[in-house]
Structures are given as C-alpha cells and as structure tokens.
Amino acid sequence: MAKAFLKPGEVSSRKQFQEPNSSRLLGIGESSYDYESIIAASMVARNTSLPIHNYKEALLYAVKEYRTVVVVGETGSGKTTQIPQYLLKAGWTDHGRAIVCTQPRRIATTAVAARVAEELDESKGTLGEVVGFAVRFDNCWDSERTKILYATDGTLLRMMLTDPLLLKFQVVMLDEVHERTIATDILCGLLKKIQRLRSDLRVIISSATVDAEKFRDFFETNVTEDCSSNTAIILSVEGRSFPVDIYYTTYPVQDYLQAAYETTLEIHRKQQDGDILIFVPSSEQVDHLLERFQSNEFQICSLRKDRKRLCCVPLYSGLSYREQLATFQPAPSNERKVVVSTNIAETSVTIQGIVFVIDTGFCRMRVHSPETGMDLLCIQSISRASADQRAGRAGRSCPGKCYRLYTEDCYWKLLTENSVPEICRTNLATAILQLKAIGIENVMNFSFIDPPSAKSVATAFEVLYAIDAITEDGVLSDFPGMVMADLPMEPFLARTLVAAKDFECVREIITIIAMLQVEQVPGDSVFKYSSSREHKSFEAARKPFGVAEGDLLTLVNIYDAFEASGHSMRWCSNHGIVPRLMKKARLLRRSIALSLSNVMYGLYGSAALSKADGLLSQKNPDPSSVIKATLKGFFMNSAVVQPDGSYLTLVGKRSVTIHPSSVLASRLPKYIVYCESIHLKRIYIRNITVIEPQWLIQVAPHVFEKRKSRIEEKWKNLISE
DNA sequence: TTGTGGTGT
C-alpha cells in the first residue's frame with residue numbers, strides 16, 4: 001500500500017507522493033465544452049486576446065500554400081471559433097462554397113456555432129444565416145447563405161452520401177481529431193481521397209500535440225525529397241492553460257478507491273482552497289466513493305481547524321440533466337467541492353474551479369471482440385494521452401495539481417502512448433456499410449490512419465451479408481443495402497425496418513426502434529428508477545404493459561398507452577414513466593418515419609410528411625408479423641433454452657443469460673431472439689422476443705440451410721487479396 | 001434473478 005489511512009489530525013509519517021520533477025504545461029483539448037448555462041456565463045467574460053490571434057497571418061499563409069494544415073493547439077487558444085472566421089474574412093467563401101468545421105459532440109457543435117454567430121457581426125448574428133449548425137434533429141443553416149457551418153462528424157459523413165466530393169465546401173476543418181472517433185477517422189480517409197480529385201479543397205486538422213506528425217504524414221502527398229513541394233504542414237498555437245504539477249505515488253497502489261479517498265482527505269487537510277475532481281472507471285464506483293465520503297462526513301470536516309466540509313457530487317452520463325447540473329454549481333463558501341466522475345469529465349464536460357485532480361489511471365471501455373461478435377465492457381488502464389488530458393482539467397482557471405494513483409514508472413512503461421482508436425475496437429458493420437454507400441468498394445484498400453484488423457473487417461462482412469446488405473461478392477445491394485445505408489440506425493435495425501414494409505407492421509417497428517434507442521442510453525429507462533434498490537417499483541410499474549411475446553411488444557404497449565393518453569404528463573406520473581423519454585421516443589418515431597418516406601418512397605417535403613403520418617397511424621394487430629420483421633434483422637441473435645435456464649445461441653453456439661430486466665426472465669420460453677447483448681459478469685441478453693423455430697428458415701434460409709461455409713471461404717480470399 | 005466509459009446519423 002502506498003500509505004496508511006490518515007486519522008483526523010494525524011500527520012502522515014510517510015510521504016505519499018513524489019515531488020514533481022518539473023512543472024509541466026498541460027493542455028486540455030478544446031474539446032472541453034461547457035453546458036449551455038456555463039457557456040452563456042463565459043461569453044460575458046470573453047477575453048478578446050486569444051492566442052490564435054498572433055497566428056492569424058501564419059495560418060492564412062499556410063492555408064493558401066498547403067492543401068492540408070495540421071493546427072496543434074492547446075486549450076483555449078480559440079482555434080475552433082476563430083479559424084473559420086479568419087477564412088471567411090480572407091475570402092475563402094467568395095466563390096459560393098462554405099467552410100465546414102466538425103465536432104465529435106452535438107452540444108459543442110451548437111454552442112460553438114451560437115458563439116461564432118454572435119462574434120461575427122451583431123447585425124448578422126442570427127444563427128442559421130452566415131453561421132449555422134447541422135446536428136441530428138436540429139438543422140439550422142441555409143445552403144445559400146451559410147458560409148460557416150459547424151456540424152457533428154457523423155453529420156458530415158452522412159452528407160457525403162449525397163455530396164461525395166463535398167462540393168458545397170471550400171474548406172473542411174476537422175476539430176478534436178485526436179479523440180479518434182470513428183466518424184472523424186473515416187472522414188480523414190475520405191478527405192485524403194477527395195483531395196486527389198479536388199486541388200482547390202483545403203483541409204484543416206486540429207489535433208493535440210502528440211498526433212500532429214502522424215496526421216501531417218497521413219495527408220502529405222509529396223513523395224520527393226524536395227520539401228518545397230510539400231502539401232501538408234503543422235502549425236503550433238500556444239495554449240492558455242495554467243501549469244499543473246504532477247505527483248505520482250511512490251509505490252503501486254493496490255486499492256485505487258481507497259487511495260483516492262485518502263488522497264482527497266490529505267488534500268483537504270493540507271492544501272489551499274480549490275475543488276477536487278476524481279476520475280474513477282464506472283458509475284458504480286462513483287456511487288461507492290460518494291457513500292464513503294458521506295458516511296465519514298463528520299470525521300472529514302474535523303480534519304480542518306475551520307471545519308470546512310466536503311461537498312461531494314457525482315458525475316456520469318446516467319444521471320439526469322438536473323442531477324448533472326449540481327456538478328457545475330459552485331460550492332458554498334464553507335465547503336470544498338469534490339466531483340467524483342467517470343470519463344465524462346475527461347473530454348465531454350468542463351467544470352470550472354477545479355484545482356486538484358485525482359487520477360486512478362483506469363477507465364471502462366467497450367471492446368468488440370470479432371471472435372465472438374460480443375461487446376465487452378472492461379476496466380482497463382488509460383493511455384498517457386488520457387492521463388495528460390485528465391491532469392489538464394486542473395489547470396483551467398489557475399495553476400493546479402494532479403495526483404496520479406500510480407508510479408511514474410508505470411506511467412512511462414505500462415501506459416500506452418495513445419488510446420486504441422474507436423475504429424480498431426468496435427463493430428465495423430455500420431462503418432463499412434456507409435463507406436460502401438459513399439462508393440468505397442474495396443474497404444481493405446481504404447486509407448485508414450490506423451487500419452482495423454482483417455478479422456474485424458471479415459466479421460462485419462459476414463454480418464452485412466447475412467442481413468442482405470451486401471452480395472456474395474461483397475458488393476452493396478441496391479435493395480435493401482443502399483436503403484439500409486440511408487437509414488440513420490444500426491444495420492440490424494435498418495434491416496428490420498425494411499422488412500416491416502413486407503410484414504405490414506411499419507408503425508409497430510418504428511415504435512420499437514424509437515423505444516430501443518431511448519432505452520439504450522445508460523441510466524435511461526422509460527420507467528423511473530435510479531438504482532437496484534428501486535427495482536421492485538420498476539417491476540410493479542411495468543407489469544400492466546408486459547406481454548407474453550416479450551419485451552419488444554411490451555415497449556409497443558407502453559408507447560401506445562402513452563399516445564392514447566394524449567401524451568399526458570399525469571398519465572406518465574401515474575404509471576411511473578419518465579415523460580422526457582417518452583417525448584424523445586415520440587420525436588424519434590417521427591424522424592424515423594420521415595427517413596423512411598425519403599428513402600423507401602422517394603418522397604420529400606410535404607408529400608414525405610403526409611406519408612410519414614400515414615406510416616405512423618396504420619396499426620397491425622398481429623404480433624407474429626412484428627416478430628417476423630424483427631427476426632429478419634436479428635435472426636443471428638436467436639437462441640434456445642438450456643436445462644439450467646441459460647440459452648445457447650443458434651449461430652455461434654454461445655451461452656447467454658436473459659437479463660433480469662426482461663419480461664421473459666422468469667418465463668424461459670424455448671426459442672427466443674434478442675436485440676442486445678452485453679458481457680458483464682456473464683453474457684446478458686436484453687430486449688427479447690419469443691419465436692417459433694420454423695420462422696427462422698422462413699426468414700433466413702441462406703443462413704439456416706448450410707450454405708454459409710462456401711461464402712466465408714470466398715470472403716477470406718477477398719480480404720487476403 | 002441485476003445494471004452500462006463516452007459519443008453519433
């Protein structure tokens with residue numbers, strides 16, 4: 001152990017942390033965005049002397065002379081807000097093409113757009129005119145008038161389905177590229193390809209320091225020794241963050257939660273004022289640590305002469321918006337705020353006033369295993385880049401301190417330099433379907449910054465073939481493949497929706513998809529409950545809606561009852577249902593219906609709207625047709641019950657267990673199909689429906705009639721070519 | 001018989 005537990009007033013006999021070798025200037029990626037209220041406050045106190053201003057001329061020169069500019073910028077340099085404005089004023093949009101700047105998250109996209117619209121010109125400051133944004137469900141731009149468009153990376157990728165050369169744009173700026181989201185990675189590869197066809201296009205990559213050379217080399221097309229022909233260049237912009245002293249433990253820590261607890265107490269006892277941010281891997285551990293602080297409240301405040309208390313708040317995505325807001329409110333003057341957070345505080349939100357960071361060195365990560373086709377959620381070591389990002393959270397408003405609950409040796413020898421990019425650890429079916437729809441036939445030859453493994457590409461091919469998206473030759477099918485690529489959902493759900501038309505249950509399937517997407521968010525269930533302790537009330541609330549067919553039709557029942565109540569708030573509260581999520585489901589239903597009218601019926605404008613309304617009103621009372629449509633997408637997830645109450649999947653022969661939250665958990669029907677699996681202590685399956693085994697052959701003869709091995713052989717050859 | 005790092009179309 002690094003050190004013994006400190007009793008109140010006791011002086012530690014052993015120094016827990018090594019003094020830092022040197023102060024390091026650490027930046028926080030500009031990814032740091034705030035919740036809207038915080039942004040509003042920061043806009044009032046806006047500092048006009050942003051570091052980027054000193055680089056304006058250099059930047060404009062670089063963009064003129066080089067086709068790709070990699071801008072390395074520390075926190076608060078202002079690159080996200082200023083660079084598009086410089087380009088606008090320098091005339092880069094004068095020939096009718098706009099500037100687009102991507103962000104990995106919706107909230108940052110809209111907030112930055114609002115800010116730039118205001119900064120640009122007060123008279124023209126209306127959002128949606130010169131400056132606009134494009135995120136799912138919220139388009140606020142005008143193709144004629146908008147010159148600066150902020151968009152999520154996923155949205156720009158979608159735009160490429162209709163505009164593969166991005167002819168609407170003169171300059172494409174990818175921001176926060178170091179986060180390596182799957183959409184940003186694919187955009188990099190596509191932009192490199194477009195640059196070969198469009199010499200006028202300019203690409204700006206905004207990245208953290210560590211990756212700059214990698215991105216420059218990726219985009220550089222000059223193969224000669226003559227540097228004057230280079231096409232890519234790095235521009236470094238200083239940051240505006242404060243130095244953060246890093247402390248490491250002297251010995252490896254065995255129990256990082258215990259160590260985090262003790263370190264907090266030590267900071268509270270010895271250090272000056274300033275809030276503390278603690279990074280732990282899971283929401284469960286956030287709650288665990290909070291309980292610890294709360295149960296020792298009295299002991300903690302007696303650590304200090306002024307009896308200052310700790311004000312401990314949790315932060316993770318499963319909390320409601322209201323609960324999250326508490327994190328951003330300043331603590332009373334007689335309290336020190338301690339935020340116990342998951343990874344969400346690393347990039348997604350910024351909390352003002354943090355002076356101390358405690359980093360356990362771990363995070364929870366979703367990893368897709370191509371061997372089993374399962375997702376694993378496992379706790380693993382963070383990367384050095386991640387550790388630096390966490391430390392940077394302490395230097396936002398004044399010099400700070402970061403306590404790493406691992407040794408310096410561990411930091412350098414055990415942590416990897418960068419985290420594994422999303423594209424190398426997730427299910428690739430969606431990404432490959434999109435690439436093919438954009439016109440990238442040979443995915444193995446696609447220029448990835450970090451290519452995914454051949455095995456995971458092969459798995460994605462198998463999956464896409466099984467659901468008819470691609471042919472035996474690996475070519476995207478016009479129908480249903482192209483239609484599925486156009487639908488904004490996972491391929492299995494898209495296949496189900498396409499099938500729903502044949503089974504005449506479009507309305508029910510749209511409802512199921514909307515409800516599944518709403519429930520997918522961790523912590524979001526349409527039934528009010530926040531912990532396992534409240535599970536009984538959850539069960540009781542759901543009981544009136546449950547049906548023997550399973551969870552999917554139960555979801556339809558809940559939604560239909562909500563509709564029948566006239567979307568009544570009172571109805572929701574009477575049934576223990578969260579109105580916010582039902583509203584979200586309602587919005588999603590309309591959006592899905594509209595996509596379907598566009599994609600399947602080729603309708604736009606008011607014709608699409610009335611078609612969508614029609615799709616949402618045609619009821620089909622036959623449950624089996626709904627289940628057959630679902631099976632068309634999810635037949636790979638069919639399973640048969642075992643004597644011990646577990647299930648064996650028919651494809652792949654894996655052992656899975658019905659998650660206790662399913663309405664079928666105690667019924668154990670013989671044959672089932674599930675929509676979701678998650679590998680926790682066991683492999684749990686959720687959103688389950690009872691099936692008749694003969695439906696499988698009816699729905700997927702190509703898989704259940706043993707033709708599969710020949711196809712697999714063919715792909716092996718395709719991929720090894 | 002129990003629970004989820006964070007995103008996105």
Side-chain angles (χ1 to χ4, degrees), chain A residues 31 33 102-109 134-139 151-161 176 179-187 279-287 315-319 341-349 360 362-367 375-380 382 386 389 419 422 425-426 430-431 433-434 437 484-491 493-494 517 519-525 529-536 538-539 588 591-592 595 599 645-646 657-662 664-668 676-682 684 686:
Chain A
S31 56
Y33 65 76
T102 66
Q103 297 290 319
R105 283 170 287 274
R106 289 164 54 96
I107 192 162
T109 310
V135 299
R136 192 179 182 192
F137 303 129
D138 214 352
N139 267 304
T152 49
D153 48 10
T155 308
L156 187 64
L157 200 52
R158 286 248 148 220
M159 285 183 189
M160 294 190 69
L161 286 173
E176 315 295 1
E179 285 195 30
R180 304 297 304 273
T181 67
I182 198 161
T184 295
D185 264 27
I186 291 174
L187 282 171
F279 284 101
V280 300
S282 69
S283 59
E284 190 188 7
Q285 293 180 16
V286 169
D287 289 336
L315 179 63
Y316 46 86
S317 75
L319 295 173
S341 173
T342 59
N343 240 7
I344 191 171
E346 191 178 306
T347 50
S348 301
V349 298
T360 59
F362 290 94
C363 69
R364 203 183 259 281
M365 186 83 78
R366 183 183 285 269
V367 184
D375 278 350
L376 279 155
L377 261 177
C378 42
I379 291 177
Q380 49 188 226
I382 60 171
S386 214
Q389 177 82 0
S419 309
E422 199 182 0
R425 60 178 166 82
T426 52
T430 310
L433 185 60
Q434 277 194 332
M484 287 160 63
D486 273 344
L487 291 169
M489 61 194 69
E490 284 167 20
L493 289 174
Q517 291 197 3
E519 292 244 310
Q520 207 179 23
V521 180
D524 272 2
S525 165
Y529 78 109
S530 61
S531 69
S532 50
R533 289 189 293 275
E534 292 174 46
H535 183 66
K536 276 199 174 129
F538 165 78
E539 285 283 85
L588 264 163
S591 158
I592 295 165
S595 302
V599 174
S646 71
T657 308
I658 295 189
H659 193 279
S661 69
S662 167
L664 297 175
S666 53
R667 303 177 83 107
L668 304 181
E676 199 192 328
S677 66
I678 187 83
H679 193 146
L680 300 162
K681 282 171 199 151
R682 313 151 88 165
Y684 285 107
R686 302 200 315 174

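The structure displayed is predicted, hence computed values, not measured ones.
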[X], nearest nucleotide to its side chain (from [options]):
| X | options | answer |
| --- | --- | --- |
| A/R105 | B/dG6, B/dG8, B/dT1 | B/dG8 |
| A/Q434 | B/dT9, B/dT2, B/dG5 | B/dT9 |
| A/R136 | B/dT2, B/dG8, B/dT9 | B/dT9 |
| A/R106 | B/dT1, B/dT9, B/dT4 | B/dT9 |
| A/R364 | B/dG8, B/dG6, B/dT4 | B/dT4 |
| A/T152 | B/dG8, B/dG3, B/dG6 | B/dG8 |
| A/S282 | B/dG5, B/dG6, B/dT9 | B/dG5 |
| A/P660 | B/dT4, B/dT1, B/dT7 | B/dT1 |
| A/N343 | B/dT2, B/dT9, B/dG5 | B/dG5 |
| A/E422 | B/dG3, B/dT4, B/dT7 | B/dT7 |

Students often get this wrong, so: under 4.0 angstrom with heavy atoms, is A/S666 touching a base, only sugar-phosphate, or nothing? nothing
So what does A/S283 hit on the nucleic acid, given a heavy-atom distance under 4.0 Å: a base, only sugar-phosphate, or nothing? sugar-phosphate
Listed by chain and number, what are the side-chain contact (heavy atoms from CB on, under 4.5 Å) partners of A/V135, not counting sequence neighbours? A/R106, A/T109, A/T110, A/F133, A/D138, A/T152
Under the side-chain contact (heavy atoms from CB on, under 4.5 Å) rule, collect the residues that match up with A/S419, sequence neighbours excluded. A/S383, A/S386
Rounded to the Å, how far apart are [X] [atom1] and [N] [atom2]?
| X | N | atom1 | atom2 | answer |
| --- | --- | --- | --- | --- |
| A/E179 | B/dG5 | CD | P | 18 Å |
| A/L433 | B/dT9 | CG | C1' | 12 Å |
| A/R180 | B/dT7 | CZ | P | 20 Å |
| A/Q285 | B/dG3 | CD | P | 13 Å |
| A/Y316 | B/dG5 | OH | P | 9 Å |

Spatial distance of atom CE (A/M365) from atom CG (A/N343) [nearest 0.5 Å]: 7.5 Å
Quick one: CD on A/Q103 to CD on A/E179, what's the gap to the nearest 0.5 Å? 9.0 Å
On DNA chain B, more 5' by nearest nucleotide between A/L487 and A/T342 is A/T342
Contacts of A/D153 and A/M365 projected onto DNA chain B by closest heavy atom; the upstream (5') one is A/M365
Measuring only between side-chain heavy atoms, which start at C-beta, is A/Q285 closer than 4.5 Å to A/R364? no
